[in-house]
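A short write-up of the structure that comes next.
To find a chain, count down the sequence lines: A is the first, B the second, and so on, and within it residues start at 1.
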2 protein chains.
Amino acid sequence: MVAKNKQGKRIFLQNEDCPIRNVVAQIGDKWSILILFCLVEGPDRFNSLKSRIEGISQRMLTQTLRDMERDGYVERTVYPEVPVKVEYELTALGKGLAKSVWGLVSWAETNHEEIRKSRQSYDQNSQG
Amino acid sequence: MVAKNKQGKRIFLQNEDCPIRNVVAQIGDKWSILILFCLVEGPDRFNSLKSRIEGISQRMLTQTLRDMERDGYVERTVYPEVPVKVEYELTALGKGLAKSVWGLVSWAETNHEEIRKSRQSYDQNSQG
DNA sequence: CGGTATCCTTCGAGATACTG
DNA sequence: CAGTATCTCGAAGGATACCG
């Protein structure tokens, strides 16, 4: 499962060994980047994240944090207080990811309006 | 629908006006980036792309190309020969996107192995 | 050659209820 | 507080057949 250039040379994989699929597809989900950028500011707790990211369900916050922990982007620390307190913090890997995603995000912010206009004009022309 | 920092300041939207969701979520799908990088090398035809991107179905190639055309990343040109020839080519916007995605992709390639190891160790520890 | 149209399965993700 | 367990629904995407 590979993509090739015109000379037939493999350019990258798309299976489970593919860096793109393993990184981009993972953080391309609905919530990962939002969580990533919340945690860039510093460690935060479960319910604080939940309230900062409007619209996320408890289930998806838990699941996305677990996936990010599994990938090594996030470290989870439990403080055995009563009631229990759990903090999530970016690892060095997570900070590196955030930094490298930032270029794409700022490009998106810069070009968002042009993209929106392109969609509008495309949708208008395909009405007739 | 916004994410906020700890002071309650909005940091970005997650609804239809959100640059991140509108760009990252779109190209975070299963095929967009693969197509994007195939077209970075130059214009290409439908069936050529189909054979270069192993595993993609005709349906998904069409659909993803249409979405990319709608966003303004790709320009579609029909040559009324017999049989018909259709070429897809990156626009300036598409080239800009490719360039800004490249940073993330190369980060992914660099750190892919570390991520893989993190997953392995996470999965081992959660077995017991 | 370059598509559409249709069917069908899988998976992401919201809602809700319960727990240490 | 910080989760887990189910249920459910809609969208994503593969397979297949047909078309200009």
Side-chain angles (χ1 to χ4, degrees), chain A residues 1 3 6 14-16 18 21-22 24-35 38-39 43-71 74-89 122 126, chain B residues 1 3 6 14-16 18 21-22 24-35 38-39 43-71 74-89 122 126:
Chain A
M1 295 300 220
K6 289 176 187 173
Q14 55 147 303
N15 65 2
E16 72 279 355
C18 170
R21 297 232 56 74
N22 268 327
V24 181
Q26 189 80 324
I27 65 160
D29 71 5
K30 200 167 174 184
W31 303 109
S32 294
I33 292 186
L34 287 156
I35 294 174
C38 280
L39 291 179
D44 204 0
R45 305 174 54 177
F46 186 87
N47 275 321
S48 171
L49 287 170
K50 186 163 175 341
S51 66
R52 289 170 71 196
I53 304 171
E54 283 180 33
I56 196 168
S57 64
Q58 201 163 33
R59 181 182 179 281
M60 289 315 296
L61 180 56
T62 302
Q63 187 174 302
T64 309
L65 283 169
R66 288 288 182 281
D67 288 342
M68 294 174 77
E69 192 192 353
R70 178 171 182 261
D71 282 5
V74 162
E75 193 184 348
R76 176 175 180 269
T77 311
V78 181
Y79 297 92
E81 308 169 355
V82 180
V84 70
K85 166 177 158 184
V86 179
E87 259 194 4
Y88 294 90
E89 182 173 13
Y122 184 95
S126 52
Chain B
M1 294 305 219
K6 290 176 186 171
Q14 56 147 302
N15 64 4
E16 71 279 357
C18 171
R21 296 232 56 76
N22 268 327
V24 181
Q26 189 81 327
I27 65 161
D29 70 6
K30 201 167 176 182
W31 303 109
S32 294
I33 292 185
L34 287 156
I35 295 174
C38 281
L39 291 179
D44 203 1
R45 304 173 57 177
F46 186 88
N47 275 322
S48 172
L49 287 170
K50 185 163 175 341
S51 66
R52 289 171 69 195
I53 304 172
E54 284 181 31
I56 196 168
S57 64
Q58 200 163 33
R59 181 182 179 282
M60 287 316 296
L61 181 56
T62 302
Q63 187 174 303
T64 309
L65 283 168
R66 289 289 182 281
D67 288 343
M68 294 174 77
E69 192 192 353
R70 177 171 182 261
D71 282 7
V74 162
E75 193 183 349
R76 177 174 180 269
T77 311
V78 181
Y79 297 93
E81 307 169 358
V82 179
V84 69
K85 166 178 158 185
V86 180
E87 260 193 2
Y88 294 90
E89 181 173 15
Y122 184 95
S126 52

Return the value, rounded to whole Å, for the distance between atom CD of B/Gln58 and atom C1' of D/dG13. 14 Å
The nucleotide from D/dG3, D/dA2, D/dG14 with an atom nearest the side chain of B/Trp31 is D/dG14
So, does A/Arg66 get its side chain near the phosphate of D/dT4, meaning an N or O under 4.0 Å from OP1 or OP2? yes
Please report, rounded to the nearest Å, how far the P atom of C/dA13 is from the CG atom of A/Asp67. 10 Å
Whole angstroms only, please: what is the CD-P distance between A/Gln26 and C/dC11? 15 Å
Could you check A/Thr62 against A/Pro83 and say which one's nearest nucleotide on DNA chain D is further toward the 5' end? A/Pro83
Under 4.5 Å between any side-chain heavy atoms of B/Ile27 and A/Val24, yes or no? no
Side-chain N or O of B/Tyr88 versus OP1/OP2 of C/dG3: is the shortest distance under 4.0 Å? yes
Using whole Å, report how far OH of B/Tyr79 lies from P of C/dG2. 12 Å
Separation of D/dA11 P from A/Asp29 CG (nearest whole Å): 18 Å
Along DNA chain C (nearest heavy atom to each residue), the more 5'-positioned of A/Met60 and B/Phe46: B/Phe46
Residue pair B/Asp71 / A/Tyr122, side-chain heavy-atom distance below 4.5 Å: no
Within the pair B/Lys30 and D/dG14, is there a side-chain N or O less than 4.0 Å away from OP1 or OP2? yes
Side-chain N or O of B/Arg45 less than 4.0 angstrom from OP1 or OP2 on C/dG2? yes
Between A/Arg59 and C/dC18, is there a side-chain N or O to OP1/OP2 distance below 4.0 Å? no
Can you tell me the distance, in whole Å, between the CD atom of A/Glu69 and the P atom of D/dG3? 9 Å
Could you tell me whether B/Glu87 atom CD has more than 12 heavy atoms of other residues or ligands within 6.0 Å of it? yes
Quick one: B/Gln63 CD to C/dA5 P, roughly how many Å, whole number? 12 Å
Answer yes or no: is there a side-chain heavy-atom contact under 4.5 Å between B/Glu69 and B/Arg66? yes
Counting heavy atoms from C-beta on, name the nucleotide in C/dG2, C/dA13, D/dC1 closest to the side chain of A/Val84. D/dC1
Interatomic distance, B/Arg59 atom CZ to B/Thr64 atom OG1 [nearest 0.5 angstrom]: 9.5 Å
Write down the distance between NZ (B/Lys50) and P (D/dG13), rounded to a whole number of angstrom. 16 Å
